[in-house]
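Contents: one structure, followed by commentary.
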Amino acid sequence: MSIQVATQKKVSAQVTLSLLTQLSTLVGQAFAAHDLDPAFGKVVISQRRELGQFQCNGALAAAKQAGKNPRDIATVIVGELEKTGLFAELSLAGPGFINIRLQDDFLIGHLNELSADPGFGCQHGHQAQKIIVDYGGPNVAKAMHVGHLRATIIGESLRRLRVFLGDTVISDVHFGDWGLPMGLLIKEIELGQPDLVYFDVEYTGPYPDDGPVTVEELQILYPAASARSKEDPVFAESARAATFDLQNGRAGYRALWQHMRDISVGETKTDFDLLGAHFTDWKGEADTNDHMPLMLARLKEEGYSEISEGAVVVHVAEGTDKKKMPPLILQKSDGAVMYGTTDLATIEMRAHESDPDCILYVVDARQSLHFEQVFRAARKCNSIKPECQLEHIGFGTVNGKDGKPLKTRDGGVVRLRALIEDAIAEARKVITEAGISDRFAADELEDIATKVGISAIKYADLSNQRMSNYIFDLERFTKFEGRTGPYQMYAAVRIKSMLRKAADQGLTSGPLVATHDAERNLMLAIAALPEAVIAATEKNAPNILCEHVYALTQEFNAFYHDCHVLGEKDESIRASRLKLCEITLRQIELVLEILGIDVPERM
RNA sequence: GGCCCCGUAGCUCAGCUGGAUAGAGCAAUUGACUUCUAAUCAAUAGGUCGCACGUUCGAGUCGUGCCGGGGUCACCA
C-alpha cells in the first residue's frame, strides 16, 4: 500500500489541526514503511528558512539505532515522501537532514481548516480539567505593591489560557487576612483609640457599621505596627496574643477585622480591574477558620501531627532527601496557626468543595520551600486525592536598573498603582512626542494611553522567562519598536484600520491563494499556534505565547510591507490577502487576549 | 555550610524532548514614506554560550566539579 493513501486516511481521521503533527505523522509513516520507528519522523520548523520551511532530523537518530549511514536512510525517506505529491521541495543536506517545503495547496488547505476553527485547533485533543488558579495574594491593610505585579499578571494569563483550552477554572485571589499582621493592626489601632468598643471584652455588640479607620489610615498603621513590634517586645507579644484571640473568635476583634478586610478588598479591586484580573473567588486565609479545628483534630487523631519544641507540626522530611526539610508548623507554641496551616486547610476545603484535578499557585519563587512543605503535608495527610496535581508556579523578582529589587527613590516599597500610573503617563508622553495625539479626542487618547501603558508592563513581564528576574525599565517597555506590547498592538491596529477601509470601499475577502513568500511565511506563522499553546500550557510559560505573537506580528509587518492589499489590482489576490489579514487579526487578538492585553481600535 | 534559581552580543533577553553557520530587540552604521498608519520595513556590524572535564557521530542544551550573582534553610507572610 502506498503511504499516500494511508496518510490521507490517517490525517483526515485524526482531524488534527496542528501542521507539525500532520507532517510528523506523514514522515513517520515513511520511516515505518522501512521498518523504522515512526517517532523518527518528527518534523520541526526549519532553522534555516532558506533551505526549507520544515526539517526532519530523524534520519540521524535512526541511522545510529540501525547502524546504517544516515544519508542513505534520509535518501530512502525522501524517496518515499516524494510519492505523496504534497511537497514542493524535498532535499537532503548535511549529514542527513531532510528539508521540506510544502505545496501551496497543502499549506492553504491546512490554513482553511485551521482558521475555520475559532480556537485555531488549539483545544483539539485537550482533556478538560477542573483547575484552581491561586494568584494575586493581596494582604489586608497593605496597598498592593510591585511584588504583586507578577503574581497578578502571570496568574491571570494562566487562567485565561486554561479557560481558552476549555478547562473549568476557579480563580481565587486568596487574601492574606489571617496571620500576625492582623494582630499587629488590632493592637496598633487600640494604641491610638483605646476607648473603641472593639477592645471592650464586656461589650457584646452590636458594632458600628462604619469602622474606625480609613483605607489610607490603615496603610499607615501597618508599617507603624510592624516597626513597633520590632522595637517593643511587649507590643509584639500583645499582637501575637491578639492574633490568637482573633482566630479564636473574640467578637470585638472579629468586627474590627471584618471592617479592615472590607475596605482592603475594595481597594485591591481597583488595582485588579486596572490589570484586567478576574477572580471567581474572593476567599482568603480566614475562610479556613471553621475547618481549622476539624483538620487539626483529624491530623492529631490519625497520627500525622505531633508536638515538637512546643509547636504542633507535620514532619515532611523523606529518607531520600538531600536537603534539609523542616516540618510544616500547624500551630505555634502560643497556639496560633500560621500560613502553612491555612494553606493546608485551604487544600482540604478545595478538595471537598470543588474536587479539582489541579491547583496552581502563582507565587514568588522564594516561597518554593514553603510550598514543598505544604504539598508534602497534603500528600502525607491525605488532604486531597492523590491524582490532583499541586504545583507552585514560581517567578523571579522585578528589579530596578541597578539589578536589585525595585524600590522608590527613597528606598520604599513601590506601589502597584503608582507603577501602573507611571506606565500610562509614559505612554501618553510617547504618543504626544510622536506628534499624533491630535488625531484623537481626549477620551480616546486616554483609552489608548491606558491600553498602551498596561500592555507595555504586561508584555514585558510575560515575555521574560518566569523564573528569571527582570529589570523594570518603562522607557524601554513603552517603545513602539521591538519586542514590546505596543508593537504587537500596532500590528493589530494596522489590520483593523485596513479592514475598515476595505469595508468602506466595498471590498470583500475571498479564498486564499499564495503568490508571494511573505504570504506563505505569514501562513506558516499562523499555523504554529497550536504548538505554542501546548508548550505554554505544559510549562505554564506565557513567554512562549509572547514569542509566538511576536513572530506572527513580525511576519505580518513584513507582509504588509511587501504585499499591498487594498491597492492590489488582481481581484482574487486582493480578496485572498484580505482574508489573510482577517485571520491574522483574529489570531493576534486571540493570543493577546490570553496574555491579558486589550487592543484599541486605533492608535 | 546544605538546597533552589540564574550566568548566552556593549545593554535587555529567546533558544522547544541534544542536530547544520547560536537567534531577536535595543544601542551603532546604512537604505526605504506622492503608495493600505514610517509607532513600520530591509541591510551591515557585533559571540571562547561563566570555566573545566565527561557522555555522544554531534553539547548553549545532558552529567560531574568549580567560579560569579540572587534566594532560601521551623514558630513572619
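So you know, we letter chains A, B, ... as the sequences are listed, proteins then strands, and number each from 1.
- In the set B/rA39, B/rC13, B/rC36, the nucleotide with an atom closest to the side chain of A/I431 is B/rA39.
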Between the protein and nucleotides 32-35 of chain B, are there any N/O to N/O pairs under 3.5 Å, and if so, what are the atom names and distances?
unit_1 : atom_1 : unit_2 : atom_2 : d
B/rU35 : O2     : A/H564 : NE2    : 3.2

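- At a cut-off of 3.5 angstrom, the base of B/rA42 holds no donor-acceptor pair with the side chain of A/N557.
- For A/Q55 against B/rA20, a side-chain N or O and a base N or O form a donor-acceptor pair under 3.5 Å.
- A/S497 has a side-chain polar atom (N or O) that falls below the 4.0 Å cut-off from OP1 or OP2 of B/rU37.
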Map every base of RNA chain B to its dot-bracket character, where paired means a Watson-Crick or G-U wobble contact with both distances under 3.5 Å and | marks a partner outside the strand. (((((((..((((.....[...)))).(((((.......))))).....(((((..]....))))))))))))....

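- Nucleic acid contact class of A/I471 (heavy atoms, under 4.0 Å, all strands): sugar-phosphate only.
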Heavy-atom contacts, protein to nucleotides 70-77 of chain B, under 4.0 Å, summarised as B (base), S (sugar-phosphate only) or - (none) per nt, yield -SSSBBSB

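- Within 4.0 Å (heavy atoms only), A/C563 reaches at least one base atom of the nucleic acid.
- Taken residue by residue, residues 483-491 of chain A places heavy atoms nearer than 4.0 Å to RNA chain B at A/R483, A/Y487, A/Y490.
- Counting heavy-atom neighbours within 6.0 Å of A/E571 CD, excluding the residue itself, gives a total of 12 or less.
- A residue-by-residue look at A/G567 and A/L51 shows that A/L51 has its nearest nucleotide of RNA chain B further toward the 5' end.
- Not a single side chain to side chain donor-acceptor pair (under 3.5 Å) links A/R500 to another residue, sequence neighbours left out.
- Residues in residues 554-570 of chain A take part in these salt bridge (Lys or Arg N to Asp or Glu O under 4.0 Å) pairs, two or more places apart or across chains: A/E568-A/R577.
- The 12-atom threshold is exceeded at CD of A/E444, counting heavy atoms of other residues, nucleotides or ligands nearer than 6.0 Å.
- Between A/H370 and A/Y339, the ring-plane angle classifies as parallel under the 30° and 60° cut-offs.
- Regarding contacts with the backbone of B/rC36, every side-chain N or O of A/R577 stays at 4.0 angstrom or more from both OP1 and OP2.
- When the side-chain nitrogen and oxygen atoms of A/K496 are compared with OP1 and OP2 of B/rU37, none of them lie within a distance under 4.0 Å.
- Taking the side chain of A/R494 as heavy atoms from C-beta on, and the options B/rG15, B/rA38, B/rG19, the nearest nucleotide is B/rA38.
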